[in-house]
**Q** 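Sharing a structure below in C-alpha cells format, with a few things to ask.
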Amino acid sequence: MSALDALLNDIKKPSGNNNSTNLVVTVDEWEENQIKGTRMDTGGQVVVRLSKFEKKPDASFDRPNLKIIKEKKRCGKGAIICFESAYLNNEDGAWYSRWANLIRKSEKDKKTVAAILKSKVVIGKSQAGKEYII
C-alpha cells in the first residue's frame, strides 16, 4: 500500500454536518472558482467549489480561494487536493468544501508522503536543573 493510499484509508469523516465528508480529488481541470476532477476513493467525476467564507475582523489569516491556490502554488492538471468538510449540493450537483489542502501540485510532482502522528509533550527539569521538552 502506498503512503497516499494509507492516507486515504485514514481520512475520517469530519464532525458536525452528518452529510459532509473529506474528499481527496485529482484535478482534471482548473476553472475560476471550481475544479473538475476525479475522486480518489470512488473514481467518480466531481465538481468542487469552496463554500462562502467571511474573514472575521480579528482573524490573522484569510482562506485562499481555488484561483489563488492555483496561481501561487503553480498548480496544474494532476494536482491532488483534500477538500475538508465537503457536502453535495443536490441543486447544482457540485460539492462545496470548507477548506482545501494541497497535497500535490501537478502530475510532474514526485511521490508525496504525509506523516500524521499524535504526540505527548513532556516538559521538565533534569537533576542538574536544566529544562527540557520531549
Side-chain angles (χ1 to χ4, degrees):
M1 175 184 292
S2 73
L4 187 54
D5 289 334
L7 176 64
L8 291 173
N9 288 335
D10 194 44
I11 290 179
K12 308 268 188 294
K13 287 192 78 143
S15 61
N17 183 347
N18 289 338
N19 296 324
S20 68
T21 188
N22 293 330
L23 291 178
V24 180
V25 178
T26 301
V27 177
D28 296 326
E29 184 180 342
W30 290 88
E31 295 182 358
E32 184 75 17
N33 64 346
Q34 68 183 21
I35 62 102
K36 292 181 180 177
T38 306
R39 285 182 64 164
M40 293 189 76
D41 58 346
T42 65
Q45 295 295 310
V46 291
V47 172
V48 186
R49 301 177 184 135
L50 293 179
S51 55
K52 293 189 188 285
F53 175 81
E54 288 186 31
K55 180 181 174 185
K56 294 182 180 177
D58 59 340
S60 60
F61 65 91
D62 197 3
R63 179 187 76 180
N65 61 37
L66 292 173
K67 181 179 179 182
I68 290 171
I69 291 172
K70 179 186 178 199
E71 291 172 356
K72 285 195 174 182
K73 301 292 184 178
R74 297 183 185 153
C75 299
K77 181 179 178 184
I80 297 175
I81 302 175
C82 179
F83 290 98
E84 295 179 13
S85 301
Y87 63 91
L88 180 62
N89 182 328
N90 291 324
E91 291 178 19
D92 62 9
W95 286 84
Y96 288 82
S97 172
R98 180 182 69 81
W99 198 271
N101 292 302
L102 184 63
I103 296 174
R104 181 176 83 176
K105 294 180 184 181
S106 72
E107 294 170 334
K108 297 175 185 175
D109 274 359
K110 295 180 181 177
K111 289 185 178 179
T112 302
V113 176
I116 300 172
L117 60 102
K118 292 181 182 180
S119 65
K120 181 178 178 182
V121 177
V122 178
I123 301 172
K125 282 188 179 182
S126 69
Q127 291 179 346
K130 290 189 172 187
E131 294 182 345
Y132 63 84
I133 299 175
I134 10 178

**Q** I'd like to check N22 versus V24 (side-chain heavy atoms, cut-off strictly below 4.5 Å). Are they in contact?
**A**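 No, side chains not in contact.
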
**Q** What are the two closest non-hydrogen atoms of L23 and V48, and how far apart are they?
**A**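 L23 and V48 have their closest heavy atoms at CD1-CG2, 4.3 Å.
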
**Q** Is any side-chain heavy atom of R63 closer than 4.5 Å to one of S51?
**A**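 They are in contact (side-chain heavy atoms under 4.5 Å apart), so the answer is yes.
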
**Q** Please give me the minimum heavy-atom distance between G78 and R104, naming the atom from each residue.
**A**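 What the structure gives for the nearest pair is O-NH2, 2.7 Å.
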
**Q** With a 4.5 Å cut-off on side-chain heavy atoms, are F53 and N65 touching?
**A**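 No, their side chains stay 4.5 Å or more apart.
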
**Q** Can V47 be reached from M40 by stepping across I, L, V, M, F, W or Y side chains whose heavy atoms are under 4.5 Å apart?
**A**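 No.
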
**Q** Between Y96 and Y87, how do the two ring planes meet: parallel, tilted or perpendicular, split at 30° and 60°?
**A**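 The arrangement is parallel - the two ring planes meet at less than 30°.
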
**Q** What's the spacing between L50 CG and R98 CZ if we round to 0.5 Å?
**A**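 Going from the CG atom of L50 to the CZ atom of R98 covers 10.5 Å.
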
**Q** Got F83 and V46 here, is their nearest side-chain heavy-atom distance under 4.5 Å?
**A**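 No, side chains not in contact.
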
**Q** Side-chain contact test, heavy atoms from C-beta onward, threshold under 4.5 Å: evaluate it for K72 versus L102 and give yes or no.
**A**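 Result no, sub-4.5 Å side-chain heavy-atom pair not found.
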
**Q** Quick check: closest heavy atoms across S106 and G76, and the distance to 0.1 Å?
**A**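 S106 and G76 have their closest heavy atoms at CB-N, 4.1 Å.
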
**Q** Using every non-hydrogen atom in the two residues, find where I69 and A100 come nearest and quote the distance to one decimal.
**A**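 Answer, listing the atom of I69 first, then A100: CD1-CB, 4.0 Å.
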
**Q** For the residue pair T38 and Q45, establish whether any side-chain heavy-atom pair is separated by less than 4.5 Å.
**A**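 Yes, at least one pair of side-chain atoms sits under 4.5 Å.
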
**Q** Is W30 reachable from V25 through a run of hydrophobic residues whose side-chain heavy atoms are each under 4.5 Å from the next?
**A**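 Yes.
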
**Q** Without swapping roles, check the side chain of R49 against the backbone of N33 for a donor-acceptor pair under 3.5 Å.
**A**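 Such a contact is absent between R49 side chain and N33 backbone.
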
**Q** Nearest 0.5 Å, please: how far is CD in E107 from OG1 in T26?
**A**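 So the OG1 of T26 and the CD of E107 are separated by 9.0 Å.
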
**Q** Which atom names give the shortest non-hydrogen contact between S20 and S85, and what distance separates them?
**A**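 Here S20 and S85 meet closest at CB-C, 4.0 Å.
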
**Q** Would you give the length of the straight line joining atom NZ of K108 to atom NZ of K77, rounded to the nearest 0.5 angstrom?
**A**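 K108 atom NZ to K77 atom NZ measures 12.0 Å (nearest 0.5 Å).
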
